[in-house]
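Predicted, not measured: the structure shown is a model, and the values here were computed from it. We name chains A, B, ... by the order of the sequence lines, and we start the count at 1 in each one.
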Amino acid sequence: MPELAEVEIARRALATWLVGQGAVRLTLRDPRLLKSGELGPPSPVASVRRRAKILVLERPGHSWIVHLRMTGRFSRHDGPGVRAVLSPQDGEPVYFADTRCLGELHGVHTRDQPAWFAARKLGPEPWPEQRPASWWQDQLGGLRTPVKVALLRQDRVAGLGNIAASEILWRAQVSPTRPARELDPQAWSRIGRETIAHLDHLLAVEDVEIAYVTQGGENPFLVYGRAGEPCPRCGAGIARTVQSGRSTFACPACQDR
DNA sequence: ATTCGTGTTTCAAA
DNA sequence: GTTTGAAACACGAA
């Protein structure tokens, strides 16, 4: 379940598994995974970077760029749904599984990387550095759209997904239906603070137990997926609504400050 | 047996 | 600009 925190966890895992393990060979089991460019010959992975939810396996001269999309994940175990295998010369293989097959791999030459990212038009990162109210106001404050939908605009703020939007707004006590341009600086300030709190929390929790749907563990979220359950803050029932076709979870009683 | 819904993101269309 | 819906794809649940 690729939320930003999961992508960051994947980044750290890949760095451990691949960097300093000699030349890495990437083998495709599903050729459709490669959306553009070429695989390139085996070579060492120098570092693993993250930009929004995009992972970059940096290699001298040519990098692998991966987007997990809905169901992509890396693991050390082979199994059903594996679409690619990364084999380090001096280490154990790493498997890329992706049941829904929406994940993407791009082979990009180093000189083309700036243009590749420029074409995505990604906005700045809201994490791990905490952004002040003025920053949020500048990025999203002009939008007429509901703030929950605004938070998903990757060209304004990059990396927040559907779950994060509900969680952050609940934490910040901002109603998801409020037009973004109506929020005052205090609300933006809380959003900035709670973005950090949400992601740091998730990172800490999921270092222990990963993924709740895929793994069948506990739902690690405060309101997401908890329609009808009591609000952790005031006890009222959490409501599920739909905004531009996507689930929103919020407390109808205590979330409009 | 179909249909629906699912965490992502972009794109076209109204 | 805004807002919605569809699309990419596979699969489990209703």
Using a cut-off of less than 4.0 Å, is there contact between a side-chain N or O of [X] and OP1 or OP2 of [N]?
{"X": "A:T145", "N": "C:dT3", "answer": "yes"}
{"X": "A:S247", "N": "B:dT6", "answer": "yes"}
{"X": "A:H67", "N": "B:dT8", "answer": "no"}
{"X": "A:R100", "N": "B:dG5", "answer": "no"}

Under 3.5 Å, is there a donor on one side chain and an acceptor on the other for [X] and [Y]?
{"X": "A:Q255", "Y": "A:S175", "answer": "no"}
{"X": "A:S47", "Y": "A:E58", "answer": "no"}
{"X": "A:R240", "Y": "A:S247", "answer": "yes"}

Paired nucleotide for [N] [Watson-Crick or G-U wobble; both distances under 3.5 Å]:
{"N": "C:dA14", "value": "B:dT2"}
{"N": "C:dC9", "value": "none"}
{"N": "C:dT2", "value": "B:dA14"}

Quick one: label [X] by what it contacts on the DNA or RNA (base, sugar-phosphate, nothing), any heavy atom closer than 4.0 Å.
{"X": "A:R144", "answer": "sugar-phosphate"}
{"X": "A:L68", "answer": "nothing"}
{"X": "A:G161", "answer": "sugar-phosphate"}
{"X": "A:R32", "answer": "sugar-phosphate"}
{"X": "A:R156", "answer": "nothing"}

Atom [atom1] of [X] to atom [atom2] of [N]: distance rounded to whole Å?
{"X": "A:K53", "N": "B:dG7", "atom1": "NZ", "atom2": "P", "result": "11 Å"}
{"X": "A:M70", "N": "C:dA6", "atom1": "CE", "atom2": "C1'", "result": "14 Å"}
{"X": "A:R83", "N": "C:dC11", "atom1": "CZ", "atom2": "P", "result": "11 Å"}
{"X": "A:R246", "N": "B:dC4", "atom1": "CZ", "atom2": "P", "result": "19 Å"}
{"X": "A:K121", "N": "B:dT10", "atom1": "NZ", "atom2": "C1'", "result": "11 Å"}
{"X": "A:F249", "N": "B:dG7", "atom1": "CZ", "atom2": "P", "result": "7 Å"}
{"X": "A:E182", "N": "C:dT2", "atom1": "CD", "atom2": "P", "result": "14 Å"}
{"X": "A:R153", "N": "C:dT3", "atom1": "CZ", "atom2": "P", "result": "10 Å"}

Query raised in the report: Distance-only, no hydrogens or angles: does the A:R181 side chain make a donor-acceptor pair with backbone N or O of A:R144 under 3.5 Å?
Result: no

For [N] versus [M], give the span between their [atom1] atoms, rounded off to a whole number of Å.
{"N": "B:dC4", "M": "C:dG5", "atom1": "C1'", "answer": "16 Å"}
{"N": "B:dG7", "M": "C:dA13", "atom1": "P", "answer": "16 Å"}
{"N": "B:dA1", "M": "C:dC9", "atom1": "P", "answer": "23 Å"}
{"N": "B:dT3", "M": "C:dA6", "atom1": "P", "answer": "15 Å"}

Report the nucleotide, chosen from [options], that has the shortest atom-to-atom distance to any side-chain atom of [X].
{"X": "A:I163", "options": "C:dT2, C:dA8, B:dG7", "value": "B:dG7"}
{"X": "A:C101", "options": "B:dT6, C:dA10, B:dG7", "value": "C:dA10"}
{"X": "A:Y224", "options": "C:dT2, B:dT6, C:dA8", "value": "B:dT6"}

Query raised in the report: Do A:E125 and A:R51 meet the salt-bridge criterion of a basic N to acidic O distance under 4.0 Å?
Result: yes

Query raised in the report: Could A:K121 and A:D155 be called an ion pair, given the rule that one side-chain N must be under 4.0 Å from one carboxylate O?
Result: no

Query - A:E104: which of A:K53, A:R69, A:K35, A:R83 passes salt bridge (charged side-chain N to carboxylate O under 4.0 Å, His left out) - result: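 Per the salt bridge (charged side-chain N to carboxylate O under 4.0 Å, His left out) rule, the option paired with A:E104 is A:R69, out of A:K53, A:R69, A:K35, A:R83.
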
